[in-house]
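For ligands, and for the atoms within them, numbers begin at 1 and follow the listed sequence. Side-chain atoms are counted along with the backbone in the values below, which use heavy atoms only and exclude waters and symmetry mates.
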Amino acid sequence: MHQMTSRRAVVRVPSGPQSIETVDVPVAEPGPAEIRVKIAAAAINPVDLGVAGGVFHQLGLVHQPDYTGLGWDFAGTVDAAGPGVELQVGTRVAGFIDGFDRDHGSHAEHLLVSAANVAVVPDGMDLVEAATVPLNATAAAQLVDLLGEASSKARRLLVTGAAGAVGAHVAVLAQDRGWQVTGMARAADEPFVRGLGVDFATDLGQDWDAVADAGALQEHALRAVRDGGRFVGVQPASRLPEERGIAVEVVFAHPDGALLARLLARVTTGELPARVHAVAPLDEAAGAYQAMAKGGVRGRIVLVP
Ligand SMILES: NC(=O)c1ccc[n+]([C@@H]2O[C@H](COP(=O)([O-])OP(=O)(O)OC[C@H]3O[C@@H](n4cnc5c(N)ncnc54)[C@H](OP(=O)(O)O)[C@@H]3O)[C@@H](O)[C@H]2O)c1
């Protein structure tokens, strides 16, 4: 027997962490190709702070009549499977849901999601740890796809925000494509960044063949690219205009279960990081968002229903 209702964190009139509340809704059944996940852990990401703060409402991207659901990342177990799904009930899975205009999210007890968008969590990996990986590692891999291969004439890449969740993954994954990577971060992050196998800087410098702007420094980071170089940003809502012959791209992460499975495998080997700052109960989501909003956090704050 499933419980009849499920709790989720939402905002009605978004005005920051203090506007977050939890509501009870009926448990829904998965449709064709869908699963219902019983969530064990769900990381809070910068985008969640944006939704709770009304950033995407102000951009006209949210049209919910009652409330907007919070949360992208999740890890948990398959609780029910719809027609055509091969995943068995009880399988441990992780993934993320994208998009802003929804009344549900992963900061909840249950979530309906397309089975193609989740990956099986490797044996031995903790679900709290797994919950920190999907959005940020996927965004990093898709950013590196936009960046493309290095060449003998263009191999010097600066990754801003290299101690952050997206940046650390970019710093590792870009090396696969031949880039000679320098990670930019705060001085105290030097040991972590060097541990990713890359060079280290505390300022932007100049004349880089390419900049992967995982720190969202935007115009400042674009200025550090040489004429004719490459820039990939992380803020689709504020895409930068091209200048000086620089190819400007911006990533918008989309769920991809097969890609996530490969990324989780590289977390288990220690190649990719999965960092947990703290764990907080779902009912204390407002306080957890507040802690995240203060900044300076290394690793994710993870909500547990
Ligand atoms: N487009 C997409 O699909 C997508 C997907 C995921 C994330 N994102 C975006 O990507 C960005 C990064 O996300 P994240 O989860 O990696 O955030 P994060 O974990 O907070 O990492 C950002 C890092 O950048 C550092 N940083 C910021 N300004 C800096 C500066 N001037 N000098 C040195 N370091 C600096 C931060 O340090 P401090 O904490 O000390 O400031 C932090 O370590 C966010 O804007 C997020 O919204 C986009």
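Of the protein's non-hydrogen atoms, Gly161 CA, 4.0 Å is the one closest to atom 25 (C) of ligand 1.
Close contacts of ligand 1 with Pro236, meaning ligand atoms under 4.0 Å from a residue heavy atom, involve 1 (N). Which parts of ligand 1 touch Ala216 is read off a 4.0 Å heavy-atom cut-off, strictly below it: atoms 45 (O). Near Val251, with a cut-off below 4.0 Å to any heavy atom, the atoms of ligand 1 are 1 (N), 2 (C), 3 (O).
By the criterion of side-chain heavy atoms lying less than 4.5 angstrom apart, applied directly or through intervening Ile, Leu, Val, Met, Phe, Trp or Tyr residues, Val250 is not grouped with Leu222; the two fall into different hydrophobic clusters.
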Throw together a table of side-chain donor-acceptor distances under 3.5 angstrom for residues 113-121, partners on residues two or more places apart or in other chains.
from   : atom 1 : to     : atom 2 : distance (Å)
Ser114 : OG     : Ala116 : N      : 3.3

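His220 does not count as a contact of ligand 1, since none of its heavy atoms falls under 4.0 Å from the ligand. Taking 4.0 Å as the cut-off, Arg298 counts as a neighbour of ligand 1 on heavy-atom distance.
Under a cutoff of 6.0 Å and an axis angle of 45°, Arg275 and Phe192 form a cation-pi pair.
Using a 4.5 Å heavy-atom cutoff, the side chains of Leu263 and His169 are not in contact.
Neither the backbone nor the side chain of Gln142 comes within 4.0 Å of ligand 1, counting heavy atoms alone. Contacts with ligand 1 closer than 4.0 Å are made by side-chain heavy atoms of Pro46 only, the backbone lying farther away.
In summary, Arg226 and Asp209 engage in a salt bridge, as defined by a charged side-chain N under 4.0 Å from a carboxylate O.
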